[in-house]
Amino acid sequence: MDHLYFYTVLFFTAVLFANSQDPRISSKLGEIVGKIKSVPIEGLPYQNVHEYLGIPFAKPPVGELRFRKPEPMTSLPSPFYAQSHGAICPQITMTPVDVEAEQSEDCLFLNVYVPDRPADKPTGHAVMVWIYGGGFVEGASNFYDCSTLSIAGNIIVVTINYRLNVFGFLNTGDENARGNFGLWDQHSALQWVHDNIGDFGGDNQRVTIAGESAGAMSVMTQAITPGNRGLFQRAIAQSGSMSMPVLDFERDGLKDTITLAGSLGCETDSMVDLMRCLREKSVDEYLTAVYSLLSNVSYSPVLDNDFIKVNPRYIAKMSEIRSLDEIEFFRSVDILSGFNAFEGALFLPFIMDPTKIENMQPTRQEMKRQYLPAAMNMLYRTGFADEIMNLVEAHYTNWSNPDDFHSIRLQITKLLGDASFGVPAVEMARLHKISSASRNFMYHFAPKPSVRLLPTPTWIPGSNHADEIGFIFGSPNLGVGDGNAWETDLIIKMITYWTNFIKSGDPNSPESVTPSWPEYSIDNGDYLVLDKSMSDESAKQHFYAEEANFWLEIFPDLVEAVQGDGKGGCGDGTFTSSAPNVPVYGSVSFITAVILTFVSFF
Ligand SMILES: *[C@@H]1O[C@H](CO)[C@@H](O)[C@H](O)[C@H]1NC(C)=O
Ligand SMILES: *[C@@H]1O[C@H](CO)[C@@H](O)[C@H](O)[C@H]1NC(C)=O
């Protein structure tokens, strides 16, 4: 087939697919043609969503632009046919649903879902921008079908891609490559939304950023970045915070870059030459190299003194000492956050042989000698003195049933979940509410759904990591498959709470929903339990008070007293105590953990 013929066919196909009913937007960037999707929802008179898919928001970050901040896209070919998704960013593994998607380094696309129904306010539709999770090494906007959420909740939803893994986070610790390119991509997409969403009928004064897992870590990181002032007013963080101990903002990026360069044949004494060589390698060469170096290199956000100027791990402590612009901005944003009942299960595959998890029957000795040290080592990248380990063990022993393997394995799961997701979320809610006129709401998502998104041992009695996502999007490919009555009810409630918050900053209005969700306060620790059946009893108090006291007060004070390194906290990677000699089935990095989670199951 000669090229002219090929392109002619492509051209006519595009024109034929675009018909006169297709929704069209005239924007500052040019004319954008979308498509209509019908989402019949029982009882809802509105059914159509206008989808604008695969819109590039930045120049392709390839060639000279690889390992640099994104450059904005100032115009599009007009008309631009935004009728199918763009490529997803290069990644090693992907959840099974999306394995087929095309990968390309040219991946900075976003998708806009506009409900075909009147906005709740004359200023236009409230907007949610969804930032995907996946440990900063995988994920794709294409994976999230937002049509149900958009039409049922009557909001505009935007999903964005951002660079992942080495392409998103390679860094040299200096101006050669500062890292955090993936976070800059998110920022650039938020700027695009601010500048252009009005053309789609959106209200750029009512923008909420939302995400899950690494998406929530991203959301919280964007929410402490003063350069985002004016780009969004609210933030939703589902199971992720920038203060999670597994995130290592001070890791040695230069060392990783040199290791990687060695494996790509780019070793040289000149950093300029090294970067030039790195810009010439193909995507396949990178993915092969990164895969073979899984336990040697890791890619995630770093303290670069540009995008991130204060280590988010210690931002709560630092804000006690001096006022920070980061915290001032953080406190101007309304926040809704929470986590799931048993999501420590996400981390089980790398404190033990993944094939043994389903049938694990741990004894107390194994808990003490094997699982506990492996868990602490994974979370904090360091070992701890015996006095400290004994305290943690005592705290995570179920004293009404200390030798029962059922309770031991649940306690291990709880420790992993508490220290990684639960306590940091509460820590950030407190930091937000200490002095803040803006609003804060917390949830605990509890139930065991009929379909899991992630591989989960059958003995986990409630929600694992990511199990709540399907309830927000009301979408079967995201885990809610069987359509049980309680699941449908909970989907409707959660979509209403979420989109109310997105519209007004309050999950309880403008649409009515019960029970009422009380606002978080430092004194009462109010929160809402999202579960199979809900009543006024679902609103509870003192959320994670005991766990937060243990991990934020008792544990670091004991570490300070016993290991006395003057850091007044744990997990900055400088402890002198040597790591115990325990088998660790994964590596110390969060990224590796996520990859191994998928690789080991699929
Ligand atoms: C990767 O790490 C392993 C274990 O620490 C080490 O044996 C190996 O030499 C490292 N490989 C490279 C290329 O640095
Ligand atoms: C502790 O064990 C008892 C008895 O098996 C059980 O009823 C209880 O739920 C357990 N507590 C926790 C926190 O798992």
Side-chain angles (χ1 to χ4, degrees), residues 92 166 170 172 248 251-268 274 277-278 281 285-299 339-345 348 350 360-364 367 371-372 374-375 377-378 381-383 392-419 421-423 444 446-448 457 459-464 529 531 540 542-551 573 578-593 595-596:
I92 294 170
V166 57
L170 175 127
T172 55
D248 184 3
R251 67 190 168 74
D252 188 347
L254 181 59
K255 182 168 141 275
D256 284 1
T257 298
I258 287 172
T259 305
L260 177 72
S263 123
L264 285 168
C266 285
E267 236 160 12
T268 141
L274 185 141
C277 179
L278 287 180
K281 297 292 166 186
E285 284 172 287
Y286 270 99
L287 294 184
T288 308
V290 169
Y291 191 76
S292 70
L293 290 172
L294 265 192
S295 50
N296 300 69
V297 297
S298 70
Y299 298 103
F339 52 96
N340 298 352
F342 293 90
E343 60 192 327
L348 288 171
F350 67 123
M360 74 188 282
Q361 300 193 355
T363 62
R364 275 185 84 187
M367 161 94 169
Y371 299 120
L372 198 60
N377 202 19
M378 181 219 95
R381 298 174 297 282
T382 183
V392 175
E393 188 212 348
H395 195 78
Y396 281 89
T397 297
N398 181 342
W399 291 105
S400 23
N401 211 348
D403 295 308
D404 177 38
F405 74 81
H406 297 94
S407 85
I408 296 175
R409 64 192 184 183
L410 285 177
Q411 291 296 99
I412 296 168
T413 309
K414 180 163 166 52
L415 184 156
L416 290 166
D418 289 357
F421 296 108
V423 169
H444 198 215
K448 178 177 182 174
W459 48 264
I460 294 289
S463 57
N464 190 2
V529 179
D531 208 344
K540 296 191 188 299
H542 307 296
F543 195 19
Y544 255 51
E546 193 213 339
E547 290 87 344
N549 176 256
F550 181 78
W551 289 106
S578 62
N581 185 21
V582 293
V584 177
Y585 291 82
S587 105
V588 288
S589 92
F590 174 61
I591 305 287
T592 315
I595 292 180
L596 289 177

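Indexing begins at 1, ligand by ligand and atom by atom, following the structure's order. Numbers here simply count residues along the sequence, with the first being 1.
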For the [atom1] atom of [X] and the [atom2] atom of [Y], what is their distance to the nearest 0.5 Å?
| X | Y | atom1 | atom2 | result |
| --- | --- | --- | --- | --- |
| S298 | D248 | OG | CG | 7.0 Å |
| I258 | L274 | CD1 | CG | 7.0 Å |
| T363 | F405 | OG1 | CZ | 12.0 Å |
| K255 | D252 | NZ | CG | 6.0 Å |

Are any of the side-chain heavy atoms of L410 and N398 separated by less than 4.5 Å? no

With a 4.5 Å cut-off on side-chain heavy atoms, are H395 and E546 touching?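 SC-SC contact between E546 and H395 confirmed.
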
Within the 4.0 Å heavy-atom shell around [X], which atoms of ligand 2 are there?
| X | answer |
| --- | --- |
| N401 | 2 (O), 4 (C), 5 (O) |
| N398 | 1 (C), 2 (O), 3 (C), 8 (C), 10 (C), 11 (N), 12 (C), 14 (O) |
| S400 | 1 (C), 2 (O), 3 (C) |

Is the shortest distance from [atom] to a protein heavy atom below 4.0 Å?
| atom | result |
| --- | --- |
| atom 7 (O) of ligand 1 | no |
| atom 14 (O) of ligand 1 | yes |
| atom 11 (N) of ligand 2 | yes |

For T259, take its heavy atoms, then give the atoms of ligand 1 lying under 4.0 Å from any of them.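 Going through ligand 1 atom by atom, the ones under 4.0 Å from T259 are 14 (O).
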
Distance filter under 4.0 Å to L293 heavy atoms, resulting ligand 1 atoms: 13 (C)

Examine Y544 together with F550 and report whether their ring centres are nearer than 6.0 Å.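 That pair fails the under 6.0 Å test.
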
What part of S407, side chain, backbone, both or neither, has a heavy atom within less than 4.0 angstrom of ligand 2? neither

Under 3.5 Å between any N/O of N296 and any N/O of ligand 1: does that happen in this structure?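 Among all N and O atoms of N296, at least one is under 3.5 Å from an N or O of ligand 1.
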
